[in-house]
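Residues: numbered from 1 along the sequence shown.
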Amino acid sequence: MQQQTASSNYTAVKIPTVRVFNAIVWFNRLALAIVFIWFGYLKIIQVSPAEALVQHLHSITLVRYIPINTFLVLLGMVEVAVGILWLFPQLTKLAFICFGLHMFTTFLPLFYLTADTWQHAFVLTLTGQYIVKNIVLIASAFTIWFANSSTLKW
C-alpha cells in the first residue's frame with residue numbers, strides 16, 4: 001500500500017511568478033502615489049490633520065528661513081511630486097531619493113517633539129504612531145527599489 005503525502009493531496013498550481021511580482025510592485029507604486037498625492041494635496045489646501053505637527057516642528061527648526069504658510073504649500077507640492085514620481089518606473093531612483101529624504105524628516109518629531117510623540121519609554125502617542133507607521137511606506141519603497149534594481153534579472 002502506497003502512503004500519500006500531504007503534497008500529493010493538492011493539485012499543483014503554476015503561478016506566473018514574474019507577473020504576480022510585477023503586479024505587487026505596481027500596487028506598491030500606486031499605494032505610495034495615492035498616499036503622497038492625497039496627503040500633499042491636503043497640505044496645499046491647508047486642511048491636513050498633520051498641519052499642527054508640521055507647524056510645531058517648523059517653529060523649532062525652519063522658522064528663521066521660511067514662513068510657515070509658504071513651507072506648508074511647498075511641502076505639499078513636494079509630497080504630490082514624490083507621489084507622481086512613483087508612477088514612472090524610469091524615475092524610480094529619483095522617487096526613492098526624494099522619498100528617503102522626506103521619510104528622514106517625518107521621523108524628526110520623535111526626537112525634537114518628544115512631548116508630542118511619546119507618552120513614556122516605548123509608548124507612543126497617536127501622533128507618534130502616525131509617524132512610526134511610515135515604516136510600512138519604507139518597506140513598500142524598498143520593494144519597488146528592489147524590483148527596479150539593475151541586478152534583478154527576470
Side-chain angles (χ1 to χ4, degrees), residues 7 10-62 65-114 116-118 122-154:
S7 62
Y10 298 99
T11 305
V13 177
K14 300 260 183 190
I15 298 174
T17 308
V18 173
R19 282 196 345 220
V20 170
F21 185 73
N22 287 338
I24 290 167
V25 170
W26 271 106
F27 185 74
N28 278 275
R29 286 184 183 281
L30 185 59
L32 285 171
I34 289 169
V35 167
F36 272 79
I37 292 168
W38 192 341
F39 287 18
Y41 178 70
L42 292 178
K43 286 180 182 75
I44 291 169
I45 63 172
Q46 298 183 345
V47 296
S48 171
E51 192 170 315
L53 179 66
V54 173
Q55 287 178 345
H56 192 184
L57 185 61
H58 174 272
S59 73
I60 64 169
T61 56
L62 298 173
Y65 307 107
I66 185 169
I68 185 61
N69 289 337
T70 304
F71 178 74
L72 280 169
V73 171
L74 287 175
L75 178 61
M77 291 170 63
V78 166
E79 288 180 353
V80 169
V82 171
I84 292 169
L85 287 173
W86 281 122
L87 296 174
F88 296 92
Q90 64 272 28
L91 299 176
T92 297
K93 184 175 182 178
L94 179 60
F96 190 81
I97 291 168
C98 294
F99 170 84
L101 292 171
H102 184 273
M103 283 297 104
F104 172 78
T105 65
T106 63
F107 283 93
L108 290 177
L110 294 174
F111 306 101
Y112 285 100
L113 304 175
T114 55
D116 292 346
T117 56
W118 298 95
F122 300 106
V123 180
L124 293 163
T125 63
L126 188 58
T127 300
Q129 290 177 31
Y130 174 79
I131 294 166
V132 171
K133 65 91 178 93
N134 287 332
I135 292 170
V136 177
L137 300 180
I138 293 168
S140 183
F142 270 105
T143 300
I144 297 166
W145 179 261
F146 171 75
N148 201 70
S149 74
S150 60
T151 60
L152 186 63
K153 306 289 186 226
W154 289 102

Test item: [X] and [Y] side chains (from C-beta on) under 4.5 Å apart, heavy atoms:
X: Ile131; Y: Leu53; value: yes
X: His56; Y: Asp116; value: yes
X: Leu113; Y: Ile60; value: yes
X: Trp86; Y: Leu30; value: no
X: Leu124; Y: Trp118; value: yes
X: Pro89; Y: Arg29; value: yes
X: Thr106; Y: Leu137; value: no
X: Val80; Y: Lys43; value: no

In Å, rounded to the nearest 0.5 Å, how long is the span from [atom1] of [X] to [atom2] of [Y]?
X: Leu57; Y: Gln55; atom1: CG; atom2: CD; value: 11.5 Å
X: Asn28; Y: Ile144; atom1: CG; atom2: CD1; value: 5.0 Å
X: Asn134; Y: Leu110; atom1: CG; atom2: CG; value: 9.5 Å
X: Ile37; Y: Leu32; atom1: CD1; atom2: CG; value: 10.5 Å
X: Thr143; Y: Asn148; atom1: OG1; atom2: CG; value: 12.5 Å
X: Phe96; Y: Ile138; atom1: CZ; atom2: CD1; value: 9.0 Å

Given Leu108 and Thr61, is the side-chain contact (heavy atoms from CB on, under 4.5 Å) satisfied, shown in steps?
-> CA-CA 10 Å; Leu108 290 177; Thr61 56; 5.7 Å; no
Aromatic Tyr130 / basic Lys133 pairing, under 6.0 angstrom, 45° off normal =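 Yes, a cation-pi geometry holds between Lys133 and Tyr130.
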Mark yes or no for whether His58, through its side chain, and Ile66, through its backbone, hold a donor-acceptor pair below 3.5 Å.
->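 Yes, His58 side chain to Ile66 backbone: donor-acceptor pair under 3.5 Å.
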Strictly under 6.0 Å, is that where the ring centroids of Phe71 and Tyr65 end up?
->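 Ring centroids of Phe71 and Tyr65 are no less than 6.0 Å from each other.
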Just wondering, more than 12 heavy atoms not from Tyr41 lying within 6.0 Å of its OH?
->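 Counting neighbours around OH of Tyr41, 12 or fewer heavy atoms of other residues, nucleotides or ligands fall under 6.0 Å, so no.
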Check the surroundings of atom CH2 in Trp38: do more than 12 heavy atoms from other residues, nucleotides or ligands lie under 6.0 Å from it?
->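 No, not enclosed.
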If I compare all heavy atoms of [X] with all of [Y], which pair ends up nearest, and what's the gap?
X: Val82; Y: Cys98; value: CG2-CB, 3.7 Å
X: Gly83; Y: Ala33; value: O-CB, 3.2 Å
X: Met103; Y: Phe36; value: CE-CZ, 3.8 Å

Yes or no on side-chain contact (heavy atoms from CB on, under 4.5 Å) for Leu75 and His102, after CA distance, side-chain angles and deciding distance?
-> CA-CA 9 Å; Leu75 178 61; His102 184 273; 4.0 Å; yes
